[in-house]
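Computed over heavy atoms, backbone and side chain alike; hydrogens, waters and symmetry mates excluded. All chains are named by letter (A, B, ...) in the order of the sequence lines, taking the proteins before the strands, and each is independently numbered beginning at 1.
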There are 2 protein chains.
Amino acid sequence: MARTVDPARHAARRRHIQDCAAALFATHGYERTTTAQICRAAGISPGNLYHYFASKKAIFLAVLTGDEDDTSAMLEQQLAADAPVEAVLEFVTHLAAPAAAHPAVPQLVLEAMLQAHRDPEIADVLGQADAAERAGLTALLQRALDAGAIDTELDPAETAAWLSTLVGAVFLDLALQPGSDPALRLSQLRRTVRAYLGG
Amino acid sequence: MARTVDPARHAARRRHIQDCAAALFATHGYERTTTAQICRAAGISPGNLYHYFASKKAIFLAVLTGDEDDTSAMLEQQLAADAPVEAVLEFVTHLAAPAAAHPAVPQLVLEAMLQAHRDPEIADVLGQADAAERAGLTALLQRALDAGAIDTELDPAETAAWLSTLVGAVFLDLALQPGSDPALRLSQLRRTVRAYLGG
DNA sequence: GTCTATACGGAGATAGAC
DNA sequence: GTCTATCTCCGTATAGAC
């Protein structure tokens with residue numbers, strides 16, 4: 001059964017549209033970005049967009065799920081590490097690092113968080129990532145507790161939720177404060193986590 | 001020069017509309033809230049809205065500036081307090097407390113933060129509040145530094161910015177995680193700040 | 001597969017009677 | 001001052017030629 005055209009070319013073009021849309025969503029937000037803008041940025045005609053995506057929301061979902069996950073690999077690595085507190089710090093740093101990588105990333109994530117509040121489908125995508133994040137943190141914290149490396153009064157799940165919130169803080173700051181120094185924020189985050197865990 | 005009607009009644013009705021709009025903005029967001037919804041919630045006809053507000057954005061700005069400021073009074077009080085670290089903690093708690101007061105508050109603030117990214121007028125309103133917040137924190141931290149009550153390596157301005165970010169984290173968490181316990185988050189925030197400041 | 005043109009719906013804001 | 005009715009613009013998505 002022969003395909004009509006080259007599937008690779010189609011996928012590449014789809015990816016191109018997706019990337020252009022991501023930049024627009026990050027700077028202008030989801031609702032204020034029009035499909036016409038996306039088409040203009042991608043260099044295609046308005047109608048042609050729908051040969052690649054079924055709807056505007058489908059583009060947004062593709063953008064959100066497009067970021068590949070190396071988090072589980074990172075988690076395995078840190079669960080096997082020697083120093084349990086350092087392992088938590090490394091994992092937290094890994095989670096926050098994307099926010100510092102490119103200015104558009106935290107903006108896009110923040111936008112997704114708000115949209116998730118209104119759309120179950122988007123909430124699902126983010127919820128899964130968040131659950132994995134917290135589960136990983138909980139496991140690492142439990143290990144640190146067992147090793148007696150952190151304050152024994154800390155509850156692993158509650159602390160994992162809080163550390164996740166602190167990571168969110170870095171995203172929020174870098175998304176909203178253009179003048180913030182990403183490296184400084186990451187170092188402040190590390191000092192914060194280290195001090196919070198006690199030990 | 002006689003007024004046409006009772007100004008007090010007009011102000012009360014305006015306030016009523018504003019409150020109804022605030023609830024809608026918090027739950028559905030600014031862009032997804034329609035003027036028709038606001039009118040329905042407030043029990044007025046669609047056209048009548050514009051006798052109280054010039055535009056939809058004017059309503060949003062009124063909502064944002066409507067929250068009265070007792071922050072400066074709180075700051076004066078804490079600048080005169082005996083224990084400088086406790087003063088910082090009290091001030092931080094005061095800044096974060098509104099997030100825990102009512103679920104709609106952090107949602108509304110988050111919505112405003114995103115809109116600020118796209119509208120200079122909204123950015124101004126939030127920027128002024130933010131600047132005051134950081135200035136207050138910087139003053140309190142300088143005082144704690146002078147008293148030798150916190151880690152001498154800390155830079156007051158940078159630390160103030162970070163504490164402000166941490167407060168933002170509580171807002172973000174309570175806005176996005178319906179299951180979060182506000183009291184727990186506030187206590188985690190206090191532990192975090194105390195540990196971060198060292199001393 | 002890509003284009004141009006347009007249908008369709010909805011949202012903000014206005015007009016004018018009462 | 002408040003209402004009903006409506007205007008106008010704009011954004012998504014579709015139709016149909018090439």
Engineer: Rounded to whole angstrom units, what separation is found between the CD1 atom of A/I44 and the C1' atom of C/dT2?
Structural biologist: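 Spelled out: CD1 on A/I44 to C1' on C/dT2 is 9 Å.
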Engineer: What is the distance, to the nearest angstrom, from the NE2 atom on A/H51 to the P atom on D/dA13?
Structural biologist: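 After rounding, the reported distance stands at 14 Å.
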Engineer: Starting at atom CZ of A/F53, determine the distance to atom P of D/dA13, rounded to an integer number of angstrom.
Structural biologist: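 About 13 Å, once rounded to whole Å.
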Engineer: Rounded to whole Å, please give me the gap between CZ in B/R9 and P in D/dT2.
Structural biologist: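 About 7 Å, once rounded to whole Å.
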Engineer: Mapping B/N48 and A/N48 to their closest nucleotides on DNA chain D, which lands nearer the 5' end?
Structural biologist: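 This one resolves to B/N48.
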Engineer: Could you tell me the separation between the CD atom of B/Q37 and the P atom of C/dG10, rounded to a whole number of Å?
Structural biologist: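 Roughly 13 Å, once rounded to whole Å.
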Engineer: If you only use heavy atoms from C-beta on, which nucleotide in D/dT4, C/dG12, C/dT4 is closest to the side chain of A/P46?
Structural biologist: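 In terms of side-chain proximity for A/P46, the closest of D/dT4, C/dG12, C/dT4 is C/dT4.
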Engineer: Please give, in whole Å, the distance from C/dA11 C1' to B/K57 NZ?
Structural biologist: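 To the nearest whole Å, that distance equals 17 Å.
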Engineer: If we check side chain to side chain contact (heavy atoms under 4.5 Å, CB included) with A/V88, which of these qualifies: A/T159, A/I150, A/L197, A/T93?
Structural biologist: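 Of the listed residues A/T159, A/I150, A/L197, A/T93, the side chain to side chain contact (heavy atoms under 4.5 Å, CB included) partner of A/V88 is A/L197.
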Engineer: Using OP1 and OP2 only, check whether a side-chain N or O of A/Y52 sits under 4.0 Å from C/dT2.
Structural biologist: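 Yes, within the criterion.
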Engineer: Measure the distance from CZ on A/R40 to P on C/dT4 and round it to the nearest whole Å.
Structural biologist: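 Rounding to the nearest Å, CZ of A/R40 and P of C/dT4 are 13 Å apart.
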Engineer: Could you give the CG-to-C1' distance, from B/L24 to C/dG12, as a whole number of Å?
Structural biologist: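 After rounding, the reported distance stands at 16 Å.
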Engineer: So do the side chains of A/T165 and A/W162 get within less than 4.5 Å of each other, counting heavy atoms only?
Structural biologist: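 A side-chain contact exists here, since the closest heavy-atom pair is under 4.5 Å.
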Engineer: Kindly indicate whether the side chain of B/F60, heavy atoms from C-beta on, has any atom under 4.5 Å from the side chain of B/T33.
Structural biologist: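 No - every pair of side-chain heavy atoms lies 4.5 Å or more apart.
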Engineer: With a 4.0 Å cutoff (strictly under), does any side-chain N or O of B/R13 reach OP1 or OP2 of D/dT2?
Structural biologist: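 Yes, such a contact exists.
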Engineer: Assign A/L49 to base, sugar-phosphate, or nothing according to its heavy-atom contacts below 4.0 angstrom with the strands shown.
Structural biologist: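 Nothing, no nucleic acid heavy atom in range.
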Engineer: Can a donor-acceptor pair be found between the side chains of A/Q37 and A/R40 at a distance below 3.5 Å?
Structural biologist: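 Not at all, the side chains of A/Q37 and A/R40 share no donor-acceptor pair under 3.5 Å.
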Engineer: Rounded to the nearest 0.5 Å, how far does CZ of B/R191 lie from CZ of B/R194?
Structural biologist: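 Atom-to-atom, B/R194:CZ and B/R191:CZ are 10.0 Å apart.
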Engineer: Answer with base, sugar-phosphate or nothing: what part of the nucleic acid does B/S45 contact at a heavy-atom distance below 4.0 Å?
Structural biologist: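 Base, at least one base heavy atom under 4.0 Å.
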Engineer: Of the candidate nucleotides D/dT12, C/dA13, C/dC3, which contains the atom at the shortest distance from the side chain of B/Y50?
Structural biologist: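 From the listed options, C/dA13 comes nearest.
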